[in-house]
Protein chains: 2
Amino acid sequence: MDLPGKAIHGETRKRLLDVAGEVFAEKGYDRTTIREVCRRANANIAAVNYHFGDKRKLYAAAFDYSLTCVDEKPTPASDTDEPAEDRLREFTRRFLRRLLDPGRPSWHSRLLAREMSEPTGALEAMVRREIRPRYEVLQGIIRELAGEVPPRVIAKCAASVIGQMMHYHFARPVLKLVSPVYGDLEKHVEELADHVTRFSLAGILAIAVRYRK
Amino acid sequence: MDLPGKAIHGETRKRLLDVAGEVFAEKGYDRTTIREVCRRANANIAAVNYHFGDKRKLYAAAFDYSLTCVDEKPTPASDTDEPAEDRLREFTRRFLRRLLDPGRPSWHSRLLAREMSEPTGALEAMVRREIRPRYEVLQGIIRELAGEVPPRVIAKCAASVIGQMMHYHFARPVLKLVSPVYGDLEKHVEELADHVTRFSLAGILAIAVRYRK
DNA sequence: GAACGATTAAAACATATGTTTGAACAAAGG
DNA sequence: CCTTTGTTCAAACATATGTTTTAATCGTTC
């Protein structure tokens, strides 16, 4: 059933997975119709129910699939050899690249971002497998920069770093309307990463001195 | 039907507006059903079409209504008497209060935030009437703090400030899962505002020195 | 209190969409 | 060739939901 001799007849299941992630990321769970997914995957409407059971299970599968797709080089930012500042820069660079770069496996992050604002239930698994690990890395970097401060303070700094970057994703349509300066974010990932890094570095240090002395 | 004696003749329109904004903010445009709005407003299903035409016009009306509801004391933060630092603190405090405080007129900000991630078309008017004005105020503050730097730099700093705060709204469910530290955000608005202010202040100054010298 | 316009109510209508069905079809093995 | 098993397809089904319709109701005016 699940592991048959082979996908004998066709590769419909895989095509569905690929397309589904893309569409779900683009339009959100509710606005995505099975019919559109199937059309874009050259599959029959019944294919979803045959291969996955129902729409929600398709979403779950696409989400899970998107998790396995990420080539997680274990985040070189965890090489504790380099100075924390460089690791922070590397962290933001990777984060923004994943978030803003268009193209194929990109819907993984967009799916993730969407789940944040409109949780469908896949959230918990996602937090466990995706978010918390990165969060730990970031916290490590911040802790090294800030020194001995309460965990709550570390957490707020982490939120400040992530928040700056997520904003470019969530508020993209607004940013474009509010000022022409924000056009073509994709082309300035490096510049944005640099800004976020410098901004945050100073922020973290400023917060730290309040709690250390 | 539900509340017989009450339901004064002619108040339905207002009740619909009140409830609609709340529900739209809570569930988003798609997930909101006319039937639920009407039920919660003690109105008949046909009331929406009678008073507003259709669902989209109801949304537009609720949105517009939410804009007029805001008691816009013209943001004391624009009293250019006070030092920029205090005005930044006042700005973030107000912003976060509006964003996180529960209770009635709060759905105004949540509606706004939702329109950011799932634009329905009301976005343009919103940007013009709501976002850009605040954005100008913030930019003024930042410009005063940073001195003579390119507009693009000001814009990125503004995005950093807003992003930090919006994050607490968008990622609330995730933050709760990722660390217990983030429970009960509503109760710590002042603390968060203080954090964002200090963090941003340092960030802005750090960015500024790169471009001034 | 009768008449009239504005409002509300209950039911019907139309459509979109997730889901199911049963037949057709392809590949593999006997 | 026939059967079996997994897959695809077109059509039907069920339900949710936005919209419309038609009659009843309320408030006002004469």
Side-chain angles (χ1 to χ4, degrees), chain A residues 1-63 65 111 114 118-122, chain B residues 1-63 65 114 118 120-122:
Chain A
M1 267 186 81
D2 266 347
L3 276 199
K6 202 67 196 96
I8 327 204
H9 207 204
E11 302 260 312
T12 325
R13 192 188 146 94
K14 183 172 186 332
R15 266 178 301 147
L16 278 176
L17 270 184
D18 278 332
V19 168
E22 202 170 309
V23 183
F24 277 129
E26 181 185 320
K27 323 184 82 155
Y29 183 81
D30 287 301
R31 275 188 274 267
T32 295
T33 73
I34 284 189
R35 276 170 175 81
E36 175 173 4
V37 171
C38 290
R39 187 169 39 74
R40 279 163 67 164
N42 283 319
N44 187 274
I45 324 232
V48 163
N49 291 277
Y50 176 74
H51 286 287
F52 301 95
D54 58 16
K55 184 183 179 184
R56 185 148 294 256
K57 296 209 188 77
L58 168 64
Y59 178 85
F63 187 81
Y65 173 63
L111 206 57
R114 201 166 267 286
E118 312 168 52
T120 69
Chain B
M1 66 194 272
D2 272 345
L3 282 195
K6 200 68 176 66
I8 318 290
H9 212 69
E11 295 285 318
T12 320
R13 192 188 146 92
K14 183 171 184 333
R15 266 178 301 143
L16 278 176
L17 270 184
D18 277 333
V19 168
E22 201 170 309
V23 182
F24 278 129
E26 182 185 319
K27 322 183 84 155
Y29 182 83
D30 288 302
R31 273 189 277 266
T32 295
T33 73
I34 285 190
R35 278 171 174 81
E36 175 173 5
V37 171
C38 289
R39 187 170 39 75
R40 277 163 68 165
N42 283 319
N44 187 275
I45 322 226
V48 162
N49 291 276
Y50 177 75
H51 287 286
F52 301 95
D54 58 16
K55 184 184 180 183
R56 186 149 291 256
K57 295 210 189 76
L58 169 63
Y59 179 84
F63 188 80
Y65 173 63
R114 203 167 265 287
E118 312 168 54
T120 69

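In what follows, chains carry the letters A, B, and so on, assigned in the order in which the sequence lines appear, proteins first and then strands, with residues in each chain numbered from 1.
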Every protein N/O within reach of nucleotides 18-22 of chain D N/O, cut-off under 3.5 Å:
residue: D:dG18; atom: OP1; partner: B:Thr32; partner atom: O; Å: 3.3
residue: D:dG18; atom: OP1; partner: B:Lys55; partner atom: NZ; Å: 3.0
residue: D:dG18; atom: OP2; partner: B:Ile34; partner atom: N; Å: 2.9
residue: D:dG18; atom: N7; partner: B:Arg35; partner atom: NH1; Å: 2.9
residue: D:dG18; atom: O6; partner: B:Arg35; partner atom: NH2; Å: 3.1
residue: D:dT19; atom: OP2; partner: B:Lys55; partner atom: N; Å: 2.8

Exercise. Starting from C1' on C:dA6, measure out to CD on B:Glu11 and report it in whole angstrom.
Key: 14 Å
Practice problem: Specify the separation, in whole Å, of atom CD of B:Glu36 and atom C1' of D:dA16. | Solution: 14 Å
Quiz item: Do the non-hydrogen side-chain atoms of A:Asn49 and A:Asp54 ever get within less than 4.5 Å of each other?
Solution: yes
Practice problem: Assess A:Arg13 against A:Tyr50: is NZ or CZ under 6.0 Å from the centre of the six-membered ring, and within 45 degrees of the ring's axis? | Solution: no
Quiz item: What do the steps show when you test B:Arg56 against B:Thr120 for side chain to side chain contact (heavy atoms under 4.5 Å, CB included), and what is the final call?
Solution: CA-CA 9 Å; B:Arg56 186 149 291 256; B:Thr120 69; 3.7 Å; yes
Self-check item: Contact check, side chains of B:Cys38 and B:Asn44, non-hydrogen atoms, under 4.5 Å
Solution: no
Exercise. For C:dA6, take OP1 and OP2 only and decide whether either is under 4.0 Å from a side-chain N or O of B:His51.
Key: no
Quiz item: Tell me: CZ of B:Arg39 to P of D:dA16, nearest whole Å?
Solution: 14 Å
Quiz item: Measuring from B:Lys55:NZ to B:Thr32:OG1, what's the distance to the nearest 0.5 Å?
Solution: 6.0 Å
Self-check item: CZ-NE2 distance between B:Arg15 and B:His51, expressed to the nearest 0.5 angstrom
Solution: 8.5 Å
